[in-house]
Structures are given as structure tokens and as C-alpha cells.
Amino acid sequence: MVLVVFDFDHTIVDANSDIHVNKLFPSDEALDTAEKNRAQFDCWTDRMQETFRQLHKCNIKEIDYIKNMQEMSMTSGFSHLIQYLSSLPNSHLIVVSDSNLVFIKTILKHNHLDHAFKDIFTNPAYFNKDDQCLIIEQYGQQTCPTCPSNMCKREIVDKYLRTKFSERVPVLFIGDGHNDICAANSLKKGDLVCARSGYRMAKELKKQEASDEKKLEADFFEWNDGQAIEDFIKENWLNKF
């Protein structure tokens with residue numbers, strides 16, 4: 001058995017879904033107003049709730065969000081990578097993301113990939129039945145002093161490994177951002193961390209390695225597209241198990 005953990009924004013999709021939704025504002029003035037209002041919140045999830053409130057004032061409905069999400073492009077090679085990994089007999093794929101459940105489910109379904117994932121860990125979201133305003137809630141975390149209050153990916157992966165499998169299984173972790181680093185640093189020898197080249201996760205992990213601040217126990221691979229990951233794991237990782 002292998003646990004495969006995917007980040008979402010700038011990993012499965014080649015953009016940030018929380019930023020992409022800004023295209024729904026009908027004018028620059030409306031976007032500027034939203035940006036000023038959400039600046040008062042420290043937590044990104046709370047900022048997004050304010051964005052959704054402002055979009056609601058602009059009469060943006062569920063169908064508009066769906067169309068907006070369906071416009072987003074998959075990162076090159078990731079559709080095939082996900083299909084390949086999910087086809088392996090002992091693979092177990094999950095998403096761990098600081099986006100939200102509405103965006104992730106909409107995009108995966110649109111790209112016919114929703115069947116590939118066993119679980120999705122992200123900020124809960126739903127449309128209010130009365131007025132169709134999109135509501136987002138913090139996923140929440142209790143144990144990490146360095147990650148934001150709404151999510152620690154290390155906490156999620158550690159708990160999943162403890163509760164889902166009878167013994168420790170190898171982990172393949174694929175991400176790009178700063179909030180992927182805590183989870184990457186918690187992985188063990190034999191696991192594999194795949195960080196997107198040129199993005200914050202890869203830069204910070206390489207800086208960390210060079211400074212002897214902390215050494216990754218897991219193997220490390222820097223990727224530009226899904227095909228590179230697929231080729232690497234076929235040649236260098238899967239044959240270990």
C-alpha cells in the first residue's frame with residue numbers, strides 16, 4: 001500500500017482557485033472594495049469568506065462559481081498522473097488542500113477525476129440554501145504552533161496514517177507551497193516529497209537543506225509537470241516496494 005497526498009492549487013490545477021474567483025467581480029471597483037474589506041482579516045479562510053460575501057452582493061450565484069472553476073486548467077501531465085497512480089493496485093490517493101470543498105469537488109468532477117480520490121481534506125464549504133451565498137469554514141488544527149490556525153497538513157497526514165492503516169505505509173507527497181513544508185518535514189525515510197520547481201516549497205526545502213537547519217528524511221524530487229513525477233517514481237521509487 002502507498003499513500004499518495006496531493007496538494008491542489010498550483011499542483012493539480014495550474015493556478016490558485018481562491019485568486020481565480022476574483023474574475024467573477026463585475027468591475028475593478030467591486031474587486032477593490034472586496035480587497036479593502038478582506039484586508040482586516042488575518043486568516044486566509046476568513047478573507048475568502050469576505051470575498052464570497054462581496055461576490056454575493058454582486059449577485060454571483062452557484063452556477064457562476066461552477067463556470068469559473070471549470071475554466072481552470074489542470075497542471076500539465078497531472079490528469080494522466082492521477083489516473084496512473086489511482087490505477088495501481090495498492091495506491092490510496094487523497095487531497096489535502098487549503099482551498100475549499102466546493103472548488104475542489106467541482107474541478108475534479110469536471111475533469112472526471114473525482115473517482116480517483118479516497119478522501120479530501122480541506123476547508124468545508126457550501127452554498128446557503130436561502131440566498132446562494134458561498135459559505136466557507138476553517139478546517140481547523142490543534143497541534144501545530146507554526147502552521148495557520150485553519151490547517152496543518154502534517155497533522156492531517158499523521159492522523160490519517162495512524163487511523164487508516166494497520167501499519168506505517170510509504171507516503172508520496174506532491175505539493176508546491178509554504179503550507180506543504182510542515183508535512184514534508186514530518187515524512188520518513190522511504191517516503192518521497194515532490195516539490196514544484198520554482199515555487200516556495202522547493203525553494204525553502206533546498207534552503208533548509210543547504211543551511212543544515214533541518215534535513216528531510218524523505219527522498220526529494222523537484223518537478224515541472226506531472227509526466228516528470230510519473231517518470232521519476234516509475235524509475236526510482238515504486239520499485240522499492
Engineer: Quick one: does V2's side chain get under 4.5 Å of L88's, heavy atoms only?
Structural biologist: no
Engineer: Is there a side-chain contact between L108 and F8 in this structure, where contact means two heavy atoms from C-beta onward sitting under 4.5 Å apart?
Structural biologist: yes
Engineer: In Å and rounded to the nearest 0.5 Å, what is the CZ to CG distance from R162 to D158?
Structural biologist: 6.5 Å
Engineer: Do T33 and K36 come within less than 4.5 Å of each other through their side chains, counting heavy atoms only?
Structural biologist: no
Engineer: Do you know the tightest heavy-atom contact between R38 and N22?
Structural biologist: NH1-OD1, 3.4 Å
Engineer: State the CG-NE2 distance between L85 and H80, to the nearest 0.5 angstrom.
Structural biologist: 10.5 Å
Engineer: Hey, any chance L205 and I229 share a hydrophobic cluster, counting ILVMFWY side chains that come within less than 4.5 Å of each other, even indirectly?
Structural biologist: no
Engineer: Give me the other members of the hydrophobic cluster that I66 sits in, counting Ile, Leu, Val, Met, Phe, Trp and Tyr linked by side-chain heavy atoms under 4.5 Å, directly or via other members.
Structural biologist: none
Engineer: Near E29 CD, under 6.0 Å, is it more than 12 heavy atoms from other residues, nucleotides or ligands?
Structural biologist: no
Engineer: Can you list, pair by pair, the side-chain donor-acceptor contacts under 3.5 Å of residues 109-121, counting residues two or more places apart and other chains?
Structural biologist:
| from | atom 1 | to | atom 2 | distance (Å) |
| --- | --- | --- | --- | --- |
| N111 | ND2 | I107 | O | 2.8 |
| H115 | ND1 | H112 | O | 3.3 |
| D119 | OD2 | Y160 | OH | 2.5 |

Engineer: Is L93 close to V5 at the side-chain level, that is, under 4.5 Å between some pair of heavy atoms?
Structural biologist: no
Engineer: What pairs with K203 under side-chain hydrogen bond (donor to acceptor under 3.5 Å, both in side chains), at least two apart in sequence or on another chain?
Structural biologist: none
Engineer: With clusters built from Ile, Leu, Val, Met, Phe, Trp and Tyr whose side-chain heavy atoms come within less than 4.5 Å, directly or transitively, what are the remaining members of the cluster of I135, listed by chain and number?
Structural biologist: Y126
Engineer: Ignoring hydrogens and angles, tell me if any N or O in the side chain of S97 forms a donor-acceptor pair with the backbone of D7 under 3.5 Å.
Structural biologist: no
Engineer: Under the criterion side-chain contact (heavy atoms from CB on, under 4.5 Å), I'd like the reasoning laid out for T122 against V96: C-alpha separation, chi angles, the key distance, then a yes or no.
Structural biologist: CA-CA 6 Å; T122 188; V96 182; over 6 Å; no
Engineer: Which pair of non-hydrogen atoms, one from C58 and one from P26, has the smallest distance, and what is that distance?
Structural biologist: SG-CD, 3.7 Å
Engineer: Could you check whether any side-chain heavy atom of F25 comes within less than 4.5 Å of a side-chain heavy atom of Q54, counting everything from C-beta outward?
Structural biologist: yes
Engineer: What are the two closest heavy atoms between A125 and V102, and how far apart are they?
Structural biologist: O-CG2, 3.5 Å
Engineer: Kindly say whether N16 contributes a backbone atom to a donor-acceptor pair with the side chain of D9 at under 3.5 angstrom?
Structural biologist: no
Engineer: Of all heavy-atom pairs between N37 and E50, which one has the smallest distance, and what is that distance?
Structural biologist: CB-OE2, 3.5 Å
Engineer: Taking side chain as C-beta onward, heavy atoms only, is L172 less than 4.5 Å from D191?
Structural biologist: no
Engineer: Is a side-chain donor-acceptor pair under 3.5 Å present for S99 with S17?
Structural biologist: yes
Engineer: May I ask you to check whether over 12 heavy atoms, not counting those of N239, lie within 6.0 Å of atom CG?
Structural biologist: yes
Engineer: List the steps, then state whether side-chain contact (heavy atoms from CB on, under 4.5 Å) holds for I136 with F52.
Structural biologist: CA-CA 9 Å; I136 185 172; F52 301 150; 3.9 Å; yes
Engineer: Side chains of Q227 and D231: donor-acceptor distance under 3.5 Å anywhere?
Structural biologist: yes
Engineer: Measuring from C194:SG to L81:CG, what's the distance to the nearest 0.5 Å?
Structural biologist: 8.5 Å
Engineer: So, do K234 and Y84 sit near enough that their side-chain heavy atoms are less than 4.5 Å apart?
Structural biologist: yes
Engineer: Once you round to the nearest 0.5 Å, how far does CG of L161 lie from OG of S186?
Structural biologist: 8.5 Å
Engineer: Are W44 and M201 co-members of a hydrophobic cluster defined by side-chain heavy atoms under 4.5 Å apart?
Structural biologist: no
Engineer: What residue pairs, at least two apart or across chains, pass ring-ring contact (aromatic ring centres under 6.0 Å, His included) with a residue in residues 191-210?
Structural biologist: H10-Y199
Engineer: List in chain and number order the residues that pass side-chain hydrogen bond (donor to acceptor under 3.5 Å, both in side chains) with K189, two or more places apart in sequence or in another chain; answer none if no residue qualifies.
Structural biologist: none
Engineer: Going by salt bridge (Lys or Arg N to Asp or Glu O under 4.0 Å), name the residues that satisfy it together with R47, two or more places apart in sequence or in a different chain.
Structural biologist: none
Engineer: Can you sort out the partners of E137 under salt bridge (Lys or Arg N to Asp or Glu O under 4.0 Å), two or more places apart, ordered by chain and number?
Structural biologist: none
Engineer: Taking atom CD1 of I60 and atom CG of L24, what is their separation to the nearest 0.5 Å?
Structural biologist: 5.0 Å
Engineer: According to the ring-ring contact (aromatic ring centres under 6.0 Å, His included) rule, which pairs have a member within residues 169-193, sequence neighbours left out?
Structural biologist: none
Engineer: Suppose the criterion is salt bridge (charged side-chain N to carboxylate O under 4.0 Å, His left out): which pairs have a residue in residues 219-228, not counting sequence neighbours?
Structural biologist: K206-E222, D219-K240
Engineer: Do side-chain atoms of N236 reach the backbone of F232 as a donor and acceptor pair under 3.5 angstrom?
Structural biologist: yes
Engineer: Start with the C-alpha gap between V171 and L192, add the side-chain angles, then the distance that decides, and say whether side-chain contact (heavy atoms from CB on, under 4.5 Å) holds.
Structural biologist: CA-CA 6 Å; V171 179; L192 175 61; over 6 Å; no
Engineer: Write down the atom of F127, the atom of Q132, and the distance for their closest heavy-atom approach.
Structural biologist: CD2-O, 3.5 Å
Engineer: Tabulate below the donor-acceptor pairs under 3.5 Å that side-chain atoms of residues 68-78 make, not counting sequence neighbours, or state none.
Structural biologist:
| from | atom 1 | to | atom 2 | distance (Å) |
| --- | --- | --- | --- | --- |
| N68 | OD1 | H20 | ND1 | 3.0 |
| N68 | ND2 | H20 | O | 3.3 |
| N68 | ND2 | H20 | ND1 | 3.4 |
| T75 | OG1 | T11 | O | 2.8 |
| T75 | OG1 | V13 | O | 3.3 |
| T75 | OG1 | D14 | N | 3.3 |

Engineer: If I compare all heavy atoms of G175 with all of W223, which pair ends up nearest, and what's the gap?
Structural biologist: O-NE1, 3.4 Å
Engineer: Grouping I, L, V, M, F, W and Y whenever their side-chain heavy atoms are under 4.5 Å apart, do I82 and F103 come out in a common cluster?
Structural biologist: yes
Engineer: I94 and L3: side-chain contact (heavy atoms from CB on, under 4.5 Å), yes or no, with the steps?
Structural biologist: CA-CA 8 Å; I94 65 173; L3 175 63; 4.1 Å; yes
Engineer: Is D131 salt-bridged to K61, going by a charged N under 4.0 Å from an acidic O?
Structural biologist: no
Engineer: Is P124 close to L101 at the side-chain level, that is, under 4.5 Å between some pair of heavy atoms?
Structural biologist: no
Engineer: Is there a path of hydrophobic side-chain contacts, each under 4.5 Å between heavy atoms, that joins I12 and I233?
Structural biologist: yes
Engineer: Which distance, rounded to the nearest 0.5 Å, do you find between the NZ of K164 and the CE of M1?
Structural biologist: 10.0 Å
Engineer: Hey, can you pull the donor-acceptor pairs under 3.5 Å for the side chains in residues 139-151, sequence neighbours left out?
Structural biologist:
| from | atom 1 | to | atom 2 | distance (Å) |
| --- | --- | --- | --- | --- |
| Q141 | OE1 | T143 | N | 3.2 |
| Q141 | OE1 | C144 | N | 2.9 |
| Q141 | NE2 | C144 | O | 3.0 |
| Q141 | NE2 | C147 | O | 3.3 |
| Q141 | NE2 | P148 | O | 3.0 |
| T143 | OG1 | R154 | NH2 | 3.1 |
| T143 | OG1 | E155 | OE1 | 2.6 |
| S149 | OG | Q138 | OE1 | 3.3 |
| N150 | ND2 | T45 | OG1 | 3.1 |
| N150 | ND2 | D98 | OD1 | 2.5 |

Engineer: Counting only N and O atoms by type, is there a donor-acceptor contact under 3.5 Å from the side chain of Q49 to the main-chain atoms of L134?
Structural biologist: yes
Engineer: Could you tell me whether D180 and K153 have a side-chain N and a carboxylate O separated by less than 4.0 Å?
Structural biologist: yes
